[in-house]
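Written out below as structure tokens is the structure these notes cover.
Given the structure is predicted, the values throughout are model-derived calculations rather than measurements. Chain naming here is simple, since letters A, B, ... match the order of the sequence lines and numbering starts at 1 in each.
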Amino acid sequence: MPELPEVETVRIGLQELIVGKTIESVTVYESKSLPAPPHDVAAFVRGATITAISRRAKVLLVQLSTNYTFVIHLKMTGQLVYRGESNFGAGHPNDSLIGELPDRSTRVSLQLSNGGVLYFNDQRKFGWIKLFPTTEIPFIDFMQAYGPEPLEAAFTTDVLYDRLQRRRRTNIKAALLDQTVLAGIGNIYADEALWGAKIYPKTLVQELTKKQVDLLWQEIRFVLALSIEKGGSTDRNYVNAEGKRGSYIDFARVFRREGKDCPRCGSEIIKMRVAGRGTHICPTCQVL
DNA sequence: CACTTGACCTGTCCGC
DNA sequence: TGCGGACAGGTCAAGT
């Protein structure tokens, strides 16, 4: 579900809503979602102040004053929604996509000292929250394996070209979804960027010209930045920290637009299967 | 080793 | 309406 723009949108929202607030208690509705002895977690975080929210790849990091950090992966259907102050005890905002909380997909909640509550909802239970000592975070195996952040200045077109060399014999769609090549792209933005660069998703990485990679680099940055501006994509479950939807999907050129016209050439967009994932292309613009 | 497939879960949608 | 099957934005372990 949430890819880089969605996770970044949640991060921005949480930064506004919960930084500086103190954790009073933790409620675990589903132990799979917070895989640790709950008593330990509750004891470690009680009384801790939330000092910063950051993001690496699709992972959110909620840093606490006690030198511990919550590491959170939303996977396909995870949501982090804050309810407090203005709407405390009064149901929910009218423009929120979700209703009264907790609901049946609520897995964990954090009660804050101001009366606000942060809810972790996750319909499919793939997502998780883990607590780590802050100093250990850079050494966690999956954190070490992540490729570069595509929106950082250090991510040049040459960096993309070099990173792609580790998956020369697979197709470009699978390579873009590989978080060790570059971090943060998922199914939506892989399809959108490949359409932008006019690349057929089954093209082998080793067949791509440098010129194609340059264009792909540009399109990756374009779609990710545009989506953050639009508050991410709400196709099904995704909502931001206020429970509101994102609007990138209204600007999508191919994703979930099968049967509709390609905005560039007017051909009918088709859906196919690549790297085990539903893949949307313009059969005229994107050819081998 | 590089790469692909199935499993993890719940919910929804589509065809019969 | 009911029921079975396919599918859904991510990532691993297990398979080839």
Side-chain angles (χ1 to χ4, degrees), chain A residues 1-10 29-35 55-60 71-80 97-99 103-108 120-130 140-147 163-194 201-207 223-224 227-228 230-240 245-259 271-280:
Chain A
M1 171 208 182
E3 307 179 28
L4 187 154
E6 290 74 30
V7 179
E8 180 63 14
T9 301
V10 172
Y29 299 87
E30 168 60 62
S31 59
K32 186 181 190 297
S33 303
L34 204 168
R55 178 191 59 74
R56 174 75 173 105
K58 300 172 189 171
V59 161
L60 271 172
V71 180
I72 304 173
H73 202 306
L74 302 175
K75 289 288 180 84
M76 301 279 264
T77 56
Q79 305 170 326
L80 281 171
L97 200 60
I98 49 185
D103 63 22
R104 65 176 163 170
S105 69
T106 301
R107 309 302 177 197
V108 178
F120 175 62
N121 273 23
D122 185 18
Q123 179 183 105
R124 291 172 73 178
K125 301 184 185 176
F126 292 166
W128 42 257
I129 299 178
K130 295 173 185 173
I140 301 170
D141 50 4
F142 59 81
M143 293 294 281
Q144 294 219 310
Y146 284 139
R163 300 295 297 184
L164 284 172
Q165 300 315 305
R166 26 170 77 217
R167 301 294 303 274
R168 292 184 55 76
R169 304 173 65 80
T170 192
N171 63 65
I172 184 61
K173 170 124 184 193
L176 289 179
L177 293 174
D178 182 343
Q179 302 298 295
T180 71
V181 171
L182 73 164
I185 294 197
N187 208 34
I188 298 176
Y189 304 105
D191 283 6
E192 290 290 292
L194 288 169
K202 287 184 177 173
T203 309
L204 294 185
V205 171
Q206 61 188 356
E207 306 293 338
V223 296
L224 294 178
S227 184
I228 291 172
K230 301 297 177 190
S233 300
T234 297
D235 187 42
R236 299 183 129 82
N237 296 272
Y238 168 74
V239 291
N240 69 14
R245 55 193 299 127
S247 67
Y248 177 85
I249 213 77
D250 300 336
F251 298 82
R253 288 83 49 91
V254 281
F255 188 79
R256 291 246 158 187
R257 295 192 69 249
E258 60 269 33
K271 187 173 180 181
M272 57 198 287
R273 193 150 280 267
V274 182
R277 313 296 302 276
T279 299
H280 312 75

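Judged by distance alone, with hydrogens and angles left aside, the side-chain atoms of A:Asp141 form no donor-acceptor pair with the main-chain N or O of A:Ala145 at under 3.5 Å. With A:Glu258 contributing its side chain and A:His280 its backbone, the two residues share no donor-acceptor pair below 3.5 Å. No donor-acceptor distance shorter than 3.5 angstrom exists from the side chain of A:Gln165 to the backbone of A:Gln206, with no hydrogens or angles considered. The closest donor-acceptor contact from the side chain of A:Lys125 to the backbone of A:Lys32 lies at 3.5 Å or more, if one exists at all.
Between A:Lys75 and C:dT11 there is no side-chain N or O to OP1 or OP2 distance below 4.0 Å. For C:dG10, the OP1/OP2 oxygens have no side-chain nitrogen or oxygen of A:His73 closer than 4.0 Å. Of the side-chain N and O atoms in A:Arg104, one or more sit less than 4.0 angstrom from OP1 or OP2 of B:dG11.
Atom CD of A:Gln165 and atom P of B:dA2 are 13 Å apart (whole Å). Look at CG on A:Leu182: it is 15 Å from C1' on C:dG10, rounded to the nearest Å. Rounded to a whole Å, the CG atom of A:Leu60 is 15 Å from the C1' atom of C:dG10. Between the P atom of B:dA2 and the CG atom of A:Leu204 lies a distance of 16 Å, rounded to the nearest Å. Rounded to whole Å, the distance from CG on A:Asp122 to P on C:dG10 is 13 Å. One can place CD1 of A:Ile172 at 16 Å from C1' of B:dA2, the figure rounded to the nearest angstrom. Atom C1' of nucleotide C:dC12 and atom CZ of A:Phe142 are separated by 12 Å, given to the nearest angstrom. Rounded to an integer number of Å, the gap from OH of A:Tyr29 to C1' of B:dT10 is 19 Å.
Below 30°, between 30° and 60°, or above 60°: for A:Phe142 and A:Tyr146 the angle between ring planes is above 60°, a perpendicular geometry.
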Inset, instruction - Would you sort out whether A:Glu3 and A:Lys58 count as a salt bridge (Lys or Arg N to Asp or Glu O under 4.0 Å), showing the intermediate values? - result: CA-CA 6 Å; A:Glu3 307 179 28; A:Lys58 300 172 189 171; 5.5 Å; no
Inset, instruction - In sequence, state the C-alpha distance, the side-chain angles, and the governing distance for A:Leu182 and A:Leu176, and then conclude on side-chain contact (heavy atoms from CB on, under 4.5 Å). - result: CA-CA 7 Å; A:Leu182 73 164; A:Leu176 289 179; 4.2 Å; yes
Inset, instruction - Quick one: the dot-bracket string of DNA chain B, using Watson-Crick and G-U wobble pairs with both distances under 3.5 Å, [ ] for crossing pairs and | for bases paired to another strand. - result: .|||||||.|||||||
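Taking atom P in both B:dT12 and C:dT11, one finds a spacing of 23 Å when rounded to whole Å.
Nearest nucleotide to the side chain of A:Lys58, out of B:dA2, B:dT10, C:dT11: C:dT11. Which of B:dC8, C:dC12, C:dG10 sits closest to the side chain of A:Lys32 comes down to B:dC8. Here B:dC9 is the nucleotide among B:dC9, C:dC12, B:dC3 with the atom lying nearest to any side-chain atom of A:Lys125.
Between A:Asn171 and the options A:Val274, A:Thr203, A:Thr279, a side chain to side chain contact (heavy atoms under 4.5 Å, CB included) holds for only A:Val274.
Annotation: side chain of A:Pro2 is not in contact with side chain of A:Gln79 (no heavy-atom distance under 4.5 Å).
Stacking of A:Phe126 onto the six-membered ring of B:dC8 is present: less than 5.5 angstrom between centres, less than 30° between planes.
Under the 4.0 Å criterion applied to side-chain N and carboxylate O atoms, A:Lys173 and A:Asp191 are assigned as salt-bridge partners.
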Identify each atom pair where a protein N or O and an N or O of nucleotides 4-8 of chain C are less than 3.5 Å apart, giving names and distance.
residue	atom	partner	partner atom	Å
C:dA8	OP1	A:Lys271	NZ	2.8
C:dA8	OP2	A:Arg273	NH2	2.7
C:dA8	N3	A:Arg124	NH1	3.3

